[in-house]
Amino acid sequence: MTARILDGKAISERLTIEVRRAVDARCAAGKAAPGLAVVLVGEHAASQIYVRNKRRMTEAAGMRSFAVDLAADATEEALLRTIDRLNGDASVHGILVQLPLPKQIRSERVIEGIDWRKDVDGFHPYNVGRLVLKLPTLRPCTPYGCMRLLAETGEDLVGKHAVVIGQSNIVGRPMALELLMARCTVTICHSATRDLPGIVRRADIVVAAVGKANFVQGDWIAEGAIVIDVGINRNADGSLSGDVDFASARERAGWITPVPGGVGPMTIATLLANTLRAAELQDAQPRGSP
Ligand code: GUN
């Protein structure tokens, strides 16, 4: 079998157009354009590229983009003060602090400092708790984007065995909760997992979020499985590879996401959808209300 490609670029463009239409309708009704502040601390090379793309797409969706750049040696207090200012700014509906942060800053303190209504990453403990409890919430962007990709296959997810490789707060854990909510049977694998290839071979859905180029081998993939590759790894020649060995995996999978052009663009499109949702949430429940 040669897998069908899940084209994240095309699907994300459709989602972005949907968001743009809703933003235009909102503005035509006299409401403020949603505003997204993307905060970058330091000069992490990959983060600079991600942040630039997020800011560019925010404007392309008709939203206001607020760029906040702090020096690599910024203190935790300075970042918390910046977040407090953004929390209190009514034209900012979403706040995203790009991770990883420099060593002197505790990311959990920063995430807890963001008003949960503006937490478009869905990383605040309040929003994570709501996700665990199956309550409506701002959903972490990458797992939310992966669920949109899975929906595009048209396959019924109920009862499928989903294997998530990776247990990070950004992808692995919320991804497992999303799949559980879709009524999959979920296995979470990590660096201490025994017989990873054997577990992956029993998966109907594989989500790879390990951060190691070409880690998942084609002969681990069951015939017809859906393979979602979250990895974006830069090779020595400057090209990008996912966490899955694409050439061998596509010979066995039923569906597979490419890298680039799979999960990456979906993460930005779902960020825009979350920013719109955050603006709507704040219309209904402004800061300071009970
Ligand atoms: N770094 C890598 N992925 C993400 C993400 O989804 N959000 C933030 N804030 N930082 C990231």
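Keep in mind that the numbers below use all heavy atoms, side chains included, and drop hydrogens, waters and symmetry copies. Order of appearance sets the numbers: ligands from 1, and atoms from 1 within every ligand.
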Taking the side chain as every heavy atom from C-beta outward, state whether [X] and [Y] have any atom pair closer than 4.5 Å.
X	Y	answer
Val39	Gln98	no
Leu179	Lys160	no
Arg201	Asp219	yes

Among all the protein's non-hydrogen atoms, which is closest to [atom], and how far away is it?
atom	answer
atom 1 (N) of ligand 1	Leu99 O, 2.9 Å
atom 11 (C) of ligand 1	Gln98 NE2, 3.4 Å
atom 3 (N) of ligand 1	Ile170 CG2, 4.0 Å

Worksheet item: Take atom CD in Glu13; do more than 12 heavy atoms of anything else shown fall under 6.0 Å from it?
Response: yes
Worksheet item: In ligand 1, which numbered atoms sit nearer than 4.0 Å to a non-hydrogen atom of Val97?
Response: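 Heavy-atom distances to Val97 below 4.0 Å select 8 (C), 9 (N).
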Worksheet item: With a cut-off of 4.0 Å, which atoms of ligand 1 are near a heavy atom of Leu96?
Response: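 Taking each heavy atom of Leu96 in turn, ligand 1 has 9 (N) under 4.0 Å.
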Practice prompt. Give the single entry among Ile95, Asp121, Ile111 that approaches atom 7 (N) of ligand 1 most closely by any heavy atom.
Written response: Asp121
Discussion item. With a 4.0 Å cut-off on heavy atoms, is Phe123 in contact with ligand 1?
Written reply: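 Heavy atoms of Phe123 do come under 4.0 Å of ligand 1.
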Worksheet entry | Side-chain donor or acceptor of Gln282 paired with backbone N/O of Ala278 under 3.5 Å | yes
Worksheet item: What orientation do Tyr126 and Trp116 show, parallel under 30°, tilted 30 to 60°, or perpendicular over 60°?
Response: tilted
Worksheet item: Is there a nitrogen or oxygen of Pro100 sitting under 3.5 Å from a nitrogen or oxygen of ligand 1?
Response: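 Among all N and O atoms of Pro100, none is under 3.5 Å from an N or O of ligand 1.
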